[in-house]
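Note that the coordinates shown come from a computational prediction; the quantities given were computed from them, not determined experimentally. Along the sequence shown, residues carry numbers from 1. Only heavy atoms go into these numbers, but all of them, side chains included; no hydrogens, no water, no symmetry mates.
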Amino acid sequence: MVRDLLLYTIVILLLVLIFQRQLIRQAFTGVLYGLAGVLFLYFGISDGTLLTCGLEIGIGLLFMTLFGQALIPTRYTNGQRSIDKNHDLLTLLRVQPGFTFRLEKRGDEFYYMLLDGELLERMGLNLQVNFNKWEHVKRIGDILELSFETLEQLTEYYKQAWFGDRTVFELEFWEYSALITLHPVRDEGLTRYVIGHVLDITEYKASEQKRKEMSESNHAKSIFLAHMSHEIRTPLNGIIGLSKLLSKTQLTDVQNDYLHKLLASSRTLLSMLNNVLDFSKMEARRVELEKAEFELENMLRHLADTVGILLEHKKVEIVFIVDPKLPKRFKGDPLRMEQVLLNLLTNAIKFTDQGHVLLQVKMVGQQDGRVSVSFMVEDTGIGISKTGMDKLFIPFMQVSTSTHRYGGSGLGLAISKQLAEAMGGSVEVKSRLGEYSQFYFNVELEIGDFNVRSTQLEKPVNGKALIIAQHELVSHSLSELLQDLGLQTLTVSSLQEYSDAFQKGEHFDLVMIDMGMEDFRELESRRHWLHILDKQMTQVIGLTTVFQLEEIAAEATEQGVNAFLSKPVTRNALLEVLRLRPEQEKPVSVDNHSLEAVATMDLQYEVGVSTQKYQILIAEDNEISQVVITEFLAERGFEVTIVTNGREVIELLERCSWDMVLLDLHMPEMDGFETARHIRRNRAFNRLPIIAFTADAVQPEQEVCLRAGINDVLLKPVHELTATRMLNSWIHLAWLQELHGIHAEKAIAGMDGKVYIFQFALHKWIQEYQYLDRRVVRKMDNGQLSSALRLIHSLKGGTGNLCATELLAMVIKLEKALKRSNETSGGELYPDWREQLSRVQKEINQIKSSIPWI
């Protein structure tokens, strides 16, 4: 009975342990299996009943078997778990970006044991060093190719770690940079070993170095721009200004020519400064493109005048060939297009000592009111190697050291490429070293609204023309121009062929002679060949360069040359000389007017010379600039008072009434910003226009100027056209009357009468809503009606503050249309919100276009 009770108790305990925790259950189960097996065998053997004896011995053997199985899996599981842990640890070590090692000290020497790491595999050390074996520090130093000094430094670090200090240092070996951390493992105050961890920081160091170099470069460039601009633009402003004043005095032809060259050189220097300015703007993504109507021929005429001056005394022919099928007017940014072409042509002239520089303009395609135009600039210069192609468009980079002698900032092509891409076009290049280079500027332009026909004349000219030029491209371009005007042409390349043509009895209404041909440069030679012509029946035009004109113009005119054309010849220049324009009564004797001069003359008729003497107070510390600005304003009817700093401006302000204040931003004692802020503290000067001018290439942000109370900014050297328009716009705040759709005076009254605050509000409003239509459409397409309504509600508030009543009414209608669209399925029944949005955006655009200072 007792025996049975004991056995049953063991069975119940085993059942209870089934539901206990695994480790405890496993241990107790093994013990109970063994105990139960022993008891069953013991009682079974001593039992006298055969059946009971056999049954108990069988149960005992079963429990002993279970006892054995309970012990064996435990040992196997623990061993497997240990193996798995080691495998996981090795995997972690293997994938770490560096590697781990163990360091021990034996006597005075240190020994490594490399554990594992991804860097070891990349370095190939797992093939050279046996893992889990101790290696002397010097052996590792030899493998890593460390210098003796570096190895000595490592030993010092190891000693420091062995004394119990956690040590961190950097190490350079092969092409790798590593951060090494030493962790001493101590027991009872003694260091047993050191665990070292090597972290690969090569990529991090490279990126940090790159960021550091970029930061230093940008900082240095900004300082350079500021200093260079101020130090060069200020005297350049004086040179250009005094040269223009000098041109209005009585000068000889030679003096006029020298003055013309002086202005040309100044403009070349200014162009380089502008390149730097444009590049800095492009880096800051601040370049804005215009969309204005322009005539391609006018742009090319100005371009020809400019590059003709750049040629100097090089024996290089510059030729323009324009596709006559091109429309007359386009919409785009002519100044930026001209800048791209001028950069390409300047480079071509710079690197070409003989041969030609060709600008060819072709119409590639036309569709839906847009024309694809290709400008190709070809030269016969030094060419570009295949390796040099990769450096062409990198800023501040010359193709090779051999090109440094040609000068330049290394910015022209980089700027041209970025400008072309900003206009939706591209710049491509083909070249062969020592033979030629071809640059292609491809762009798509919108056809202008007026005179979209070809440039063919309404009344073609009848007659025959003889072209005498040695260079084949010059002859070809002139023949194309004259044939397009309706003339028959004959081209000859030598004076003997010219003589033969007249001996055959041929009559020519027009003869065009390249005055730079051999055998035509000497005075006696010219007299001989020109004597052949019948001056009464034939008009003679001499082709020359600006620099040859001084030598031959006077004598050639006496010998019967009716007019001169400077090369490269453009269509507009040829039309003027041939007197084909009905409004022109006299032939143009010399083609040396620049677009700037023409624009300035046109402006005199546009704004006139003021009869009222406006009072202008100017703060300028440079004496030459004082003379230039005083004479410039005096010619336009202004009375000028000059002071040298901001403190003197403050003293003079209240002595009399002023119509405008001009401030140099950089002055001694009190600069332009501080002076403007001081003026604006007096409410009496809320409406006084303050114009700043600066010589810095990187002009201050408009928002910064407005916050200081400065209304507008002029960049030195001051362009006459720009300055005159700005001054006339700000006298009596004339631009406020020209604003479209805004009651400016009412809005200003609500802003305490401060015009510059109104300007600031208008500036921020334009910035926020100039792309309203895109933002609203995007939100509506994404199902964000509430977000679109918040945007419109914000627009409504800003529009109300500006007193733009017509626009406000449109915005309210747009808001209602958007709300109605939510009441239908996707706005199907009320699609008018898109049309209303278009009206709102059009009104915003018209307001923006009427603001002169944006």
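By the side chain to side chain contact (heavy atoms under 4.5 Å, CB included) test, N442 pairs with S374, S426, E428, Y440, sequence neighbours left out. Every residue two or more places apart in sequence or in another chain that forms a side chain to side chain contact (heavy atoms under 4.5 Å, CB included) with S372 is listed here: V364, E444. Residues meeting the salt bridge (charged side-chain N to carboxylate O under 4.0 Å, His left out) test with R839, sequence neighbours left out: E835. Taking the ring pair (Phe, Tyr, Trp, His ring centres under 6.0 Å) definition, one finds that F441 meets it with F375, sequence neighbours left out. Residues passing the salt bridge (charged side-chain N to carboxylate O under 4.0 Å, His left out) test with R707 are E703, sequence neighbours excluded. For D781, the side chain to side chain contact (heavy atoms under 4.5 Å, CB included) partners are V777, R834, not counting sequence neighbours. Legend: residues meeting side chain to side chain contact (heavy atoms under 4.5 Å, CB included) with D712, ordered by chain and number and at least two apart, are I691, M726, W730, W853. For N711, the side chain to side chain donor-acceptor pair (under 3.5 Å) partners two or more places apart in sequence, or in a different chain, are R680, Q759. Residues meeting the salt bridge (charged side-chain N to carboxylate O under 4.0 Å, His left out) test with K205, sequence neighbours left out: E170. Among residues two or more places apart in sequence or in another chain, the salt bridge (charged side-chain N to carboxylate O under 4.0 Å, His left out) test is passed with K754 by none.
For the residue pair Y769 and S794, a side-chain donor N or O sits within less than 3.5 Å of a side-chain acceptor on the partner. No side-chain N or O of H732 forms a donor-acceptor pair with one of Q737 less than 3.5 Å apart. Under 3.5 Å, the side chains of Q841 and N845 contain a donor-acceptor pair of N or O atoms. Judged by distance alone, the side chains of T202 and D200 do bring a donor and an acceptor atom under 3.5 Å apart.
At a threshold of 4.5 Å between non-hydrogen side-chain atoms, the residues H740 and I851 do not count as touching. For the pair L791 and K779, the minimum side-chain heavy-atom distance is below 4.5 Å. Put simply, the side chain of L772 reaches to within 4.5 Å of the side chain of L837, judged on heavy atoms. The side-chain heavy atoms of L341 and M299, taken from C-beta on, include a pair separated by under 4.5 Å. Contact check for W833 versus I792: no side-chain heavy atoms found under the 4.5 Å cut-off. With a 4.5 Å cut-off on side-chain heavy atoms, F439 and N347 do not count as touching. A 4.5 Å side-chain heavy-atom check between W735 and S850 finds every atom pair outside the cut-off. Residues L715 and F693 form no side-chain contact, since every pair of their non-hydrogen atoms from C-beta on lies 4.5 Å or further apart.
To the nearest 0.5 Å, atom CD1 of residue I679 and atom CD of residue E674 are 11.0 Å apart. Considering CG of L445 and NZ of K331, their distance stands at 12.0 Å, rounded to 0.5 Å. Note that the OG1 atom of T694 and the CG atom of L663 stand 12.0 Å from one another [nearest 0.5 Å]. The structure places CG of N572 at 5.0 Å from CG of N298, a figure rounded to the nearest 0.5 Å. Within the model, atoms CD of Q339 and OG1 of T346 stand 10.5 Å from one another, a figure rounded to the nearest 0.5 Å. Note that CG of D664 and CG of D671 are 9.5 Å apart. Values are rounded to the nearest 0.5 Å.
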side-chain contact (heavy atoms from CB on, under 4.5 Å) for K328 and E297? Distances and angles first, verdict last.
CA-CA 7 Å; K328 187 176 182 181; E297 287 291 341; over 6 Å; no

Please walk me through it: do M376 and L358 pass side-chain contact (heavy atoms from CB on, under 4.5 Å)?
CA-CA 8 Å; M376 189 268 285; L358 168 66; 4.3 Å; yes

Under the criterion salt bridge (charged side-chain N to carboxylate O under 4.0 Å, His left out), I'd like the reasoning laid out for R329 against E295: C-alpha separation, chi angles, the key distance, then a yes or no.
CA-CA 4 Å; R329 298 177 70 87; E295 287 192 18; 3.4 Å; yes

Verdict with reasoning, L303 to L342, per side-chain contact (heavy atoms from CB on, under 4.5 Å)
CA-CA 7 Å; L303 197 62; L342 184 59; 3.9 Å; yes

In sequence, state the C-alpha distance, the side-chain angles, and the governing distance for I710 and F673, and then conclude on side-chain contact (heavy atoms from CB on, under 4.5 Å).
CA-CA 8 Å; I710 296 172; F673 289 107; 3.9 Å; yes

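Between S431 and I384, the shortest heavy-atom contact is OG-N, 2.8 Å. A pairwise comparison of heavy atoms in L706 and Y756 identifies O-CD1, 3.5 Å as the closest pair. Closest non-hydrogen pair, M337 versus V443, comes out as CE-CG1, 4.4 Å. Between I748 and V755, the shortest heavy-atom distance links the atoms CD1-CG2, 4.1 Å. Of all non-hydrogen atoms in S729 and P852, the two that sit nearest each other are OG-CG, 3.6 Å. When all heavy atoms of V371 and P327 are compared, the closest pair comes out as CG2-CG, 4.0 Å.
Remark: side-chain polar atoms of S849 are paired, donor with acceptor, to backbone N or O of Q846 under 3.5 angstrom.
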N/O donor-acceptor pairs under 3.5 Å from side chains in residues 799-816, not counting sequence neighbours:
residue: T799; atom: OG1; partner: L795; partner atom: O; Å: 2.7
residue: N801; atom: ND2; partner: G797; partner atom: O; Å: 3.4
residue: E815; atom: OE1; partner: K796; partner atom: NZ; Å: 2.8

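Crowding of H763 atom NE2: a count of heavy atoms from other residues, nucleotides or ligands under 6.0 Å exceeding 12.
Using a cut-off of 4.0 Å between Lys/Arg side-chain N and Asp/Glu carboxylate O, K417 and E421 are scored as salt-bridged.
Sorted by first and then second residue, the salt bridge (charged side-chain N to carboxylate O under 4.0 Å, His left out) pairs involving residues 736-752 (not counting sequence neighbours) are R683-D752, R687-E745.
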